[in-house]
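The block underneath contains the structure these notes are about, expressed in C-alpha cells.
Every value quoted in this text rests on a predicted model; they were computed, and no experiment measured them. Throughout, protein chains are lettered first and strands after them, A, B, ... in sequence-line order, and every chain is numbered starting at 1.
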2 protein chains.
Amino acid sequence: MQIEEKAKLFKALSDPNRLRILKMLQVRKLCVCEITEVLSLATSTVSEHLSILKRAGFIIEEKDGKWVNYMINSNCCDTTVASIISMLPFWISNDNTVSCDIDKINSVDRNKLCCR
Amino acid sequence: MQIEEKAKLFKALSDPNRLRILKMLQVRKLCVCEITEVLSLATSTVSEHLSILKRAGFIIEEKDGKWVNYMINSNCCDTTVASIISMLPFWISNDNTVSCDIDKINSVDRNKLCCR
DNA sequence: ATTAGATTTCGGTGTAAAACGAAATGAGAA
DNA sequence: TTCTCATTTCGTTTTACACCGAAATCTAAT
C-alpha cells in the first residue's frame with residue numbers, strides 16, 4: 001500500500017463523528033437510522049460517513065431486510081487496518097460524548113425509531 | 001483528552017507529505033530546508049506542515065544556530081501519541097516514495113543546500 | 001403492482017485546509 | 001549595528017470536505 005493510501009486511512013479517522021461511529025459499533029452492529037438518532041445529523045450525512053469508513057476498510061455492511069447493519073471489520077486482512085482497529089479502545093477512551101452515545105444506543109429501538 | 005482532540009491527532013497524519021516527513025525524521029533530525037528539498041514544496045508550506053505535526057505532539061524542535069532542527073518526539077508523555085509514534089514503522093512501510101526520500105536525506109548537505 | 005420506509009446518491013452551500021509568494025521575524029556573521 | 005539567510009507568518013487562491021434537503025434506489029409488506 002502506497003503512502004497516499006495510508007494517509008487516507010488516517011483521514012477516515014480524522015473526523016470526530018466518524019470516531020464516535022466506530023466507538024458505537026464496537027458495542028454492537030447498528031443501522032443508519034440508529035446512528036443518525038445518536039449523532040443528530042441528517043441521514044444522508046451519516047450515510048456518507050459510513051461509506052468513508054467502509055471504503056477505508058474499518059467497517060463492513062450486512063443487509064437485514066429493509067435495514068443495513070454496519071459493523072466493525074473484525075477480520076480485516078489488511079494488517080494496518082486490523083492493528084488500528086485493535087488499538088482504538090486504548091486510544092479513544094469513553095469521554096462524556098462517547099459514554100452518552102453508548103447509553104443512547106442501548107436504549108433505542110430501531111422499530112420505534114425509524115417508523116415515523 | 002476529548003474525542004475532538006483525538007480526531008485532530010489523526011488529521012495531522014492524514015496528509016501524505018506529513019507522513020513522509022515523519023518517516024524521514026525517524027532516520028535523523030532535519031532542518032526545514034532539507035525537508036523542503038526532498039518534498040519539492042515551498043518553504044512556507046513545509047513550515048506549516050511541521051507546525052501541524054508539532055502542535056499534535058508528534059515532533060519537537062531544537063534551535064541550532066540559524067537552523068531549526070525538527071525531530072520525532074520520542075519521549076512524548078501522551079500515551080496515545082507515544083503509541084502511534086511507535087506503530088508508524090510498522091504501519092508505513094518503505095514504499096518507493098519513502099525509499100527515495102531517505103536516499104535523498106542521506107546525500108544532502110544543509111550547508112550547500114541552503115546557502116544560495 | 002403499488003405503497004411505505006430505510007438508505008444512498010445528487011446538487012448546492014459554507015467552511016477548512018493545502019499550496020504559493022511576499023513580507024516579517026530571528027539569529028549568527030561581518 | 002548592519003547584513004545575510006533560515007524560518008515563520010500573512011494574504012490569497014484553489015481544492016477538499018462536512019453538511020443539508022431533495023430526488024433516486026432498494027426492499028418488504030400490502
Between atom CD in B/E37 and atom P in D/dT7, what is the gap in whole Å?
-> 13 Å
Closest to the A/E61 side chain, choosing from C/dA6, C/dT8, D/dT7 = C/dT8
Please check if the side chain of B/E34 supplies one atom and the backbone of B/C31 the other of a donor-acceptor pair under 3.5 Å.
-> yes
Would you please name every residue forming a salt bridge (Lys or Arg N to Asp or Glu O under 4.0 Å) with A/D64, sequence neighbours left out?
-> A/R110
Could you state the NZ-C1' distance from A/K54 to C/dT8, rounded to the nearest angstrom?
-> 9 Å
Roughly, in whole Å, what's the span from CG in A/L41 to C1' in D/dC20?
-> 10 Å
Please work out if B/I35 contacts a base, only the sugar-phosphate, or nothing of the nucleic acid, heavy-atom cut-off 4.0 Å.
-> nothing
Nearest-nucleotide check on DNA chain D, B/V32 vs A/K11; residue mapping nearer the 5' end is B/V32
Of the nucleotides D/dC19, D/dT8, C/dT7, which one has an atom closest to the side chain of A/N17?
-> D/dC19
Whole angstrom is fine here: how far is it from CH2 in A/W67 over to P in C/dG5?
-> 12 Å
What one-letter contact string describes nucleotides 21-30 of chain C from 5' to 3', where B marks a base within less than 4.0 Å of any protein heavy atom, S marks contact via sugar-phosphate atoms alone, and - marks no contact?
-> BB----SS--
Does a side-chain N or O from B/R110 land closer than 4.0 Å to OP1 or OP2 of D/dA6, or not?
-> no
Is a donor on one side and an acceptor on the other found under 3.5 Å between the side chain of B/S47 and the backbone of B/S44?
-> no
Length of the line joining B/L53:CG and D/dT7:P, which is rounded to integer Å = 16 Å
Under 3.5 Å, side chain of B/K23 to main-chain N/O of B/I92, donor-acceptor pair present?
-> yes
Distance in angstrom units between A/I21 CD1 and C/dT7 P, rounded = 13 Å
Identify the residue among B/L25, B/L13, B/I72 that makes a side chain to side chain contact (heavy atoms under 4.5 Å, CB included) with B/F58.
-> B/L13
Is the phosphate of D/dC17, meaning OP1 or OP2, less than 4.0 Å from a side-chain N or O of A/H49?
-> no
In whole angstroms, the gap separating P of C/dA16 from CD of B/E4 amounts to 14 Å
Of the listed D/dT8, C/dT7, D/dA18, the closest approach to the B/S47 side chain comes from D/dT8
Just checking B/I52: base, sugar-phosphate only, or nothing, at a heavy-atom cut-off of under 4.0 Å?
-> sugar-phosphate
So, the side chain of A/R28 versus the backbone of A/I105: is there a donor-acceptor pair under 3.5 Å, distance only?
-> yes
Taken to the nearest whole Å, CD/B/E62 to P/D/dT7 is 13 Å
May I ask you to test the B/H49-B/L41 pair for a side-chain heavy-atom distance under 4.5 Å?
-> yes
N or O in side chain of B/Y70 less than 4.0 angstrom from D/dA6 OP1/OP2 | no
